[in-house]
Amino acid sequence: MEVGVNMMLDYLNDKQKEAVLQKDGPLLILAGAGSGKTSVLTAKVAYLIKERGINPKNIVAITFTNKAAKEMKQRIINEVGSIGYDIQISTFHSFGLRIIKENYEKLGYQKNFTIIDSDDSLTLIKKILKDMSIDATRYNPKFIKSQISSAKNEMVTPEKYSKLVNDDISDITYKVYKKYQDTLLRNNSLDFDDLLVMPIELFVKHPGVLQQYQEIFKYVFIDEYQDTNEAQYILSKMISAKYKNICVVGDDSQSIYSWRGANFKNILNFEKDYKDAKVILLEQNYRCTKTILDAANSVIKNNVQKKDKKLWTNNEKGEKIKYVRALDEKDEASFVVKEVQRLKEETSLDEIAVLYRTNAQSRAIEEGFLNSNIPYKIVGAYAFYSRKEIKDLLAYLKLIYNQKDDVSLIRIINYPKRKIGAKTIDNLSMDAVLNGTSMFDVIKSGKELEFKNLILKMKEKSDTLSLTETIDMVLDESGIRKELESEHTLEADIRLENLNEFKSITKTFEEESGIASLEDFLNEVSLVSDVNDEKNDDLPKVTLMTIHSVKGLEFKYVFIVGMEENIFPHINSVEEKDGLEEERRLCYVALTRAKKKIYLINALRRTLFGRTSVNMPSRFITEIDKELIEMNEKKNISVNEIKIDKSKMFNDDNNLKVGDNVIHDKYGPGVVVMIDESIVAIAFKSQGIKKLMKNHKSIKKV
DNA sequence: GCCTAAGTGCTTTTT
DNA sequence: GCACTTAGGC
C-alpha cells in the first residue's frame with residue numbers, strides 16, 4: 001500500500017524529518033542501532049521521487065549485504081510503487097558488476113566473463129604456488145590470499161606491490177599476485193575484489209565513462225558507510241564527485257568488518273572529505289528496552305575510538321539481562337532449549353534468535369533443537385552453493401558459458417572419472433600459460449580428448465534449452481547423475497537431493513525473472529552466498545546465526561552463547577587493541593538486536609575443534625553495569641562452583657586437571673574449574689553447596 | 001591413473 | 001573433529 005509522503009513524515013521524529021528534508025549536497029546520517037535508519041532512507045528516497053520529481057533512474061542506493069538490498073527495495077517499492085524498480089538498489093559488488101558488464105571490452109574482458117568465489121580463488125593460489133614449486137607449508141596460501149585481497153581493496157596493483165616488497169613472504173606474495181591477475185585475465189574471469197577494483201580502474205582510464213555514470217547516478221546513497229573499504233570509498237566518491245549528492249548512513253559503533261579491509265575512519269572523516277557536509281545524529285532508539293540500551297552503552301563506552309553520540313530511548317525499562325553459566329556446550333544448549341520452550345508459550349519462534357561468535361558453535365545448539373523438535377533455521381553457515389556437488393555442477397555450467405575458466409575446468413575435467421590425471425592437467429596448464437590462452441583453448445587446438453567434445457556438445461545443446469533443462473542435460477551428459485545413482489550410499493543420495501534442490505532454485509529463478517539466461521543465473525549465484533530457503537515453509541522457527549550476520553536485524557528475545565574469553569572476544573583479537581575494540585563493537589551489535597530480553601550464556605568448559613578448554617567469563621559481561629544483570633542466584637543457577645580443600649579431598653592420587661569430569665554420589669556430575677596449591681574448585685549442575693564439604697571424599701574422577 | 005590409509009594442519013567474521 | 005593432502009600399493 002502506498003502512503004503519502006506527508007503522512008510518512010508524520011511518523012518521523014524531528015531529526016529524522018530533518019534528514020529526509022535535507023536538500024542536495026553531502027549528508028552524513030549517524031544512525032545509532034534501532035534509530036529508524038531504514039525508515040529515514042526509504043522516506044528520503046520516496047521524497048526525492050514524489051515531491052522533488054527526481055527520476056528513479058537517477059538514484060543509486062548501495063547496501064552491504066544482499067539481504068539489506070532486498071529489504072530496502074521492498075520497502076521503497078511499498079512507498080513509491082513499481083517505479084521503485086527503476087532505482088539501482090544493490091550491494092557494492094553487484095553495482096560494480098553492472099558497470100563491468102556495461103564496459104567489459106575497455107577492461108580487456110569478453111562478454112562471457114565469469115566470477116570466481118573465494119574458495120576458487122584459494123584453489124587458484126594453491127595451484128600457482130605449486131606451479132612455482134613453492135612449499136605451501138612454508139608460505140600459507142590462505143595468508144597470501146588475504147594479502148592479495150587486502151592489496152586489491154587498497155587499490156595496490158601488482159606493479160605498486162612490487163615496490164613494497166621488503167621480505168621473503170612479500171616477495172612471494174608479489175609474484176603470486178602477478179600470476180594470479182594474469183591467470184584471471186587469461187581465464188576471462190574476475191574475483192570478488194575485482195568487482196570493486198575494475199570499475200575504479202575503468203573510471204581512471206576513461207574519465208568520459210565516469211562522467212556518464214555521474215550523470216546517471218545523480219543521487220547516491222550508501223548504507224553501512226562504516227563498513228566501506230578503500231575501494232568502496234573511492235568508488236562512492238568518484239560516482240558522486242560531480243553533483244556531490246551523496247548521503248551516507250552509518251554507525252561507527254557498528255563497524256565490524258575491519259578484517260575485510262573496512263575502514264570506519266571513512267565515516268569519521270566524512271566531514272573532512274566533504275567540506276560543506278551536513279551531519280545529522282539519530283540518537284533515539286525505538287527498538288530496545290532501557291535496560292538493553294544501557295547495557296549496550298555501558299559496554300561500548302570502553303572503546304576509545306568513537307564518535308561522540310549516545311543512544312537513548314523512551315521505551316520501558318524492561319526485564320533484566322539474564323546471565324547463565326552452564327557446565328559445557330551441551331548444557332548451554334539445553335538451557336537455551338528449555339528457555340525457548342518456555343518462551344514459545346507467549347511468543348512466536350520467529351521472534352527468537354540464538355547468536356554466536358563463530359559458526360563452529362552452532363553445532364551444539366543445533367543438536368539441542370534437533371533433539372527437542374524445536375523448529376530452527378541456520379543462517380549463513382555451510383552455504384548451499386559451496387557443497388561439493390553444487391560446485392561441481394556450477395563448474396560445468398561456468399565452463400559451458402565461459403570456456404576459458406580454467407579453475408572450473410580443472411575441477412571437473414576428471415569428474416566423473418575420465419582417466420585424466422595430474423600429468424595431463426599439468427601439461428595443459430603449462431601450454432596454456434606458454435601460449436597466453438586458456439586450458440580449453442589448448443585442448444581445442446589439437447589435443448584429442450573426449451572431454452573437448454563433451455563440453456562443446458553441452459554448449460551446443462544448452463543454446464536451445466532453458467536453464468533448468470540445461471542442468472538436467474549436464475547431469476546426464478557429464479555422467480554425474482549416473483555416478484551418484486550407482487553409489488547407493490546415504491551420502492550420494494543426499495548429493496542427488498541437493499542437486500534436485502538446485503533445480504528448484506533455478507526453476508524459481510526462471511519464474512521470477514521471466515526468461516533467465518545462464519549468464520544472469522551465474523551472475524546471481526556468484527554474488528549470493530546462500531539461498532533463502534524460507535520459501536519451503538513458513539513455519540515459525542528460531543534463528544541461529546553469527547553475530548556478524550545478525551547486523552541490521554532485530555528479535556524480541558536474543559540469546560548470546562559462548563560469552564567467554566577466547567571465544568568472544570575471540571582469541572585472535574585479544575592481542576591488539578584495535579581487535580578488541582572491534583570485538584566490543586560486535587558485542588554492541590549483538591546486544592542492540594534485542595527488543596525485549598537478552599540472555600548471556602557461557603560454559604565452564606567447552607569442546608571446540610576436538611579440544612576441551614576452560615574459559616573465563618567474557619570481559620564484556622563484567623563491563624555491563626551490575627544492576628542490569630540477573631546474575632546466577634541460587635534459584636536460577638545452572639551451575640554451582642565449589643571450592644574444596646585439597647587435603648580433605650584426596651586420599652589417593654586422583655591427579656585432577658582443570659576440565660576433568662568428576663562425579664559426586666550426591667551432587668552428580670561436575671567439572672574441575674580451577675586448581676591451586678590447596679584448593680580445588682568444582683562446578684556442579686545440582687544445587688545445595690552447603691553440605692558438600694563433608695561429603696567431598698565421594699568425588700571421583702570419571 | 002586410481003584407491004586407500006595415514007598424516008597433517010586448521011579452525012572468525014562474508015561480498 | 002574434520003577436511004584436505006600425501007604416500008604407497010595396485
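Owing to the predicted nature of the structure, the values given are computational and were not obtained by experimental measurement. Residue numbers begin at 1 in each chain, while the letters A, B, ... track the order of the sequences.
The side chain of A:Arg357 approaches B:dT12 more closely than any other nucleotide in the set B:dT14, B:dC2, B:dT12. For A:Lys423, taking side-chain heavy atoms from C-beta onward, the closest of the listed nucleotides B:dT15, B:dT12, B:dG1 is B:dG1. Here B:dC3 is the nucleotide among C:dC4, B:dC3, B:dT15 with the atom lying nearest to any side-chain atom of A:Lys417.
Around atom NZ of A:Lys265, no more than 12 heavy atoms belonging to other residues, nucleotides or ligands sit under 6.0 Å away. Dense packing is recorded around NZ of A:Lys127, with more than 12 heavy atoms of other residues, nucleotides or ligands lying under 6.0 Å away.
Within the 4.0 angstrom heavy-atom criterion, only backbone atoms of the sugar-phosphate kind lie near A:Asn414; the bases stay farther away. Nucleic acid contact for A:Phe92: none, since no nucleic acid atom lies under 4.0 Å from a heavy atom of the residue.
A:Ser258 and A:Glu582 share a side-chain donor-acceptor pair at under 3.5 Å. Between the side chains of A:Thr358 and A:Gln361, at least one donor N or O lies within less than 3.5 Å of an accepting N or O.
For the C1' atoms, the distance linking B:dT13 with C:dC4 amounts to 23 Å, nearest Å. C:dT6 sits 16 Å from B:dT11 when the P atoms are compared, rounded to a whole Å. Rounded to the nearest Å, the gap between the C1' atom of C:dT5 and that of B:dT12 is 24 Å.
Among the candidates A:Lys126, A:Lys145, A:Lys391, the single residue satisfying the salt bridge (charged side-chain N to carboxylate O under 4.0 Å, His left out) test with A:Asp120 is A:Lys391.
The shortest distance between the side-chain N/O atoms of A:Ser573 and the OP1/OP2 oxygens of B:dT12 is not below 4.0 Å. Taking side-chain N and O atoms only, A:Arg363 has a distance below 4.0 Å to OP1 or OP2 of C:dC2. Using a 4.0 Å cut-off, some side-chain N or O of A:Asn359 falls inside it from OP1 or OP2 of B:dT13. Under 4.0 angstrom from either OP1 or OP2 of C:dC4 there lies no side-chain N or O belonging to A:Lys126. For the OP1/OP2 pair of B:dC10 and a distance below 4.0 Å, the side-chain nitrogens and oxygens of A:Asn140 include at least one atom meeting the criterion. Side-chain nitrogen and oxygen atoms of A:Ser118 include none within less than 4.0 Å of the OP1 or OP2 phosphate oxygen of B:dT15. Taking 4.0 angstrom as the limit, A:Asn153 places none of its side-chain polar atoms (N or O) nearer than this to OP1 or OP2 of B:dT15. For the OP1/OP2 pair of B:dG1 and a distance below 4.0 Å, the side-chain nitrogens and oxygens of A:Thr424 include at least one atom meeting the criterion.
If you take CZ of A:Arg418 and P of B:dC2, they are 11 Å apart, rounded to a whole angstrom. One atom, CG of A:Asn66, and another, P of B:dT14, lie 13 Å apart when rounded to the nearest Å. Here B:dT13 presents its C1' atom at 12 Å from CD of A:Gln361, a figure rounded to the nearest Å. Distance A:His548 NE2 to B:dT14 P: 7 Å, rounded to the nearest Å. At whole-Å resolution of the value, NZ in A:Lys142 and C1' in B:dG9 are 9 Å apart. Counting to the nearest Å, the P atom of C:dA3 and the CZ atom of A:Arg387 are 12 Å from each other. Rounded to a whole Å, the CD1 atom of A:Ile256 is 9 Å from the P atom of B:dT14. Here the P atom of nucleotide B:dT15 and the CG atom of A:Asp119 are 13 Å apart, to the nearest Å.
Mapping A:Thr358 and A:Lys145 onto DNA chain B by nearest heavy atom places A:Thr358 closer to the 5' end of the strand. Between A:Asn572 and A:Gly421, the residue anchored nearer the 5' end of DNA chain B, judged by the nucleotide with its closest heavy atom, is A:Gly421.
Seen from the ring of A:Tyr180, A:Lys152 does not count as a face-on cation partner, given the 6.0 Å and 45° thresholds. Note that A:Arg387 lies outside the cation-pi zone of A:Phe502, set by a 6.0 Å cut-off to the ring centre and a 45° limit from the axis.
Residue side chain A:Trp259 does not reach the base of B:dT12 through any donor-acceptor N/O pair under 3.5 Å, judged by distance alone.
Residue-nucleotide stacking is present for A:His570 and B:dT12, judged by a side-chain ring centre under 5.5 Å from the six-membered base ring centre and planes under 30° apart.
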